[in-house]
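One structure is given here, and the rest of the page talks about it.
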Amino acid sequence: MSTEEDTVQEKKTISLKTSDDEVFELEENVAMEFGTVKAFFGDDGVPRDMMMPIPNVHSKELTRIIDFCTKHLDLKPKAELDEAGKKELRKFYKEYMKEDTTERIMELILAADYLNVNDFLDLLNQTVADRISNKSVEYVRKLFGIESDYTPEEEEALREQYAWAFEGVDEDPAED
Amino acid sequence: MNSQRHGFFPDEVVLQILSRLPIKSLFRSKTVCKLWYRLVSDKYFIQLYNESAVKNSMLLVEVSESSGLKSSLICVDDQKGVCEFDLNFLKDRVKVRASCNGLLCCSSIPDKGVYYVCNPMTREFRLLPKSRERNVTRFYPDGEATLVGLACNLASQKFNVVLAGYHRTFGHRPDGTFKCMIYDSETNKWRKFITFQDDQFSHMHKNQVVFVNGALHWLTGGGCSCILVLDLEYDMWRKMSLPDELNCGMGNRFYLLESDGCLSVIQISDTWMKIWVLKDYLREEWRLVDTVSLRCIKGLVPGIFPICQTGEYVLLATHKQILVFHRKSRVWKEMYSVKNSSTLPLWYSAHAFRSTIYSCH
């Protein structure tokens, strides 16, 4: 190791450039929570001071993902220590996505999936699952932007076959 | 509003979301579009879903009205509480004989020798072919198989049903012949083999069959207890020993359960409940993982039976109640109690249960 490297890399940061040409400088430990970033720099060779382009991610999403990872990195080791830490982490998971619209969550999923941020993806996927759980099929189609490719007869037959699954479905919520 | 529509969501993301849905919502999602139908029906997805679903151990028990005419099933979940359901989709009056990884094996009450395997959550069922043996009802002593086991392999998604018992040829006394019939879901056929053995089983021991490591396990009773094992790969019976420290003295009773994929024995004395887990299956190494004082449920102790557990809690049944014990907080809680004076105690027909989408087709 040369001494030049030691003095230049005092604060280890990684630079990411988003789709809207914004450059973010993150602390290395936060950046390494992104599987894609970790793989990009790898163990061999790509210099850490090189800027990594992330053309599929908008600055708006990246800001949020960085926010999650920073908070999560702080809480996770505490949760391994004792019950109080575990409780705090559970509360964090419960509250973190509360204010976001489902559409916003979907945008975050695409970004987190591209960046391979597994912990955040787990939370996002679970949040969507909780929100579509017990909703109507029409609501789910609208949310995911899916057009059904069943004929009316096919759909009717399926609904009859799984009639038990259609009992007690919630009313569709107001637009969110 | 972001104009980007999410008609394109990578399949893996859709799978991850769907794998977190409760079963009803999951099956409804099959009607969203044909791609989703394929995704949810995919063998890999089912395995993924089930591997997560089996971590939750629930208690299934038959409850009957005081008239004894109507009975239904209730399922007790540590977190979600009690929910009621029925097996009316079988269009037959049945008794639950065994439960494994989300499937139930039931015998018909009016038609002796008729068995079903069903998933009570998805309402799929399979009527098992009658074994060609006329004397499926020649089991001794009461024409019904002594042991009924259900083995549902999560990875291969194939299952076996085992009916075993002492056999008595017509007009003769029983002769120690132990007949074992095994149904294979892949071939849809029964096969049989015969051994000579002399084991006794109490009612609870018959009900508490555990499927781990590709084999079915039952506790034997009598003077020297051990675990009777049916190896389904080699069609062989063998025996495993209980923890050395388990004293078979008076006032000590023990039960065979599963604990997160391992064999477990729970011992109940007047004042203590001890939980043993078989940590090393091949070396038969047992470990005492918990000793629970029964002081706060003192009055219930003589009639309490452990039915199922995870590393975090134990679900038990008495004559009229279902209780849960949380191992971390050391707290006992009543989950359910019978309103009327039932004919049979709850523990009599209680089974460990898991809610999965295991298919019996």
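All chains are named by letter (A, B, ...) in the order of the sequence lines, taking the proteins before the strands, and each is independently numbered beginning at 1. None of the values given here were measured: they were computed from a predicted structure.
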### Query
With chain A, which of Thr122(B), Val14(B), Leu26(B) has the greatest number of heavy-atom pairs at distances under 4.5 Å?
Thr122(B)
### Message
Only pairs of heavy atoms separated by less than 4.5 Å count here; which of Glu12(B), Lys24(B), Gln16(B) has the most with chain A?
### Response
Lys24(B)
### Task
Go through Arg159(A), Glu154(A), Gln126(A) and name the one with the most non-hydrogen pairs under 4.5 angstrom from chain B.
Gln126(A)
### Query
Could Arg64(A) and Tyr96(A) be counted as a cation-pi pair, given that NZ or CZ must be under 6.0 Å from the ring centre and within 45° of the axis?
yes
State whether [X] and [Y] are salt-bridged, where the test is any N-O pair (Lys NZ or Arg NE/NH1/NH2 against Asp/Glu carboxylate O) under 4.0 Å.
{"X": "Arg104(A)", "Y": "Glu61(A)", "answer": "yes"}
{"X": "Arg141(A)", "Y": "Glu155(A)", "answer": "yes"}
{"X": "Arg330(B)", "Y": "Asp290(B)", "answer": "yes"}

Identify which part of [X] has an atom lying under 4.5 Å from any heavy atom of chain A, answering side chain, backbone, both or neither.
{"X": "Lys30(B)", "value": "both"}
{"X": "Ser29(B)", "value": "neither"}
{"X": "Ser19(B)", "value": "neither"}

### Exam field: side chain Thr36(A) to backbone Leu115(A), donor-acceptor pair closer than 3.5 Å
yes
### Message
Strictly by side-chain hydrogen bond (donor to acceptor under 3.5 Å, both in side chains), give each pair with a member in residues 75-90 of chain A just once, sequence neighbours left out.
### Response
Asp74(A)-Lys78(A)
### Query
With sequence neighbours excluded, what pairs up with His58(A) under the ring-ring contact (aromatic ring centres under 6.0 Å, His included) test?
none
Is it the backbone or the side chain of [X] that comes under 4.5 Å from a heavy atom of chain B, or both, or neither?
{"X": "Tyr150(A)", "result": "both"}
{"X": "Asp130(A)", "result": "neither"}
{"X": "Asp113(A)", "result": "side chain"}

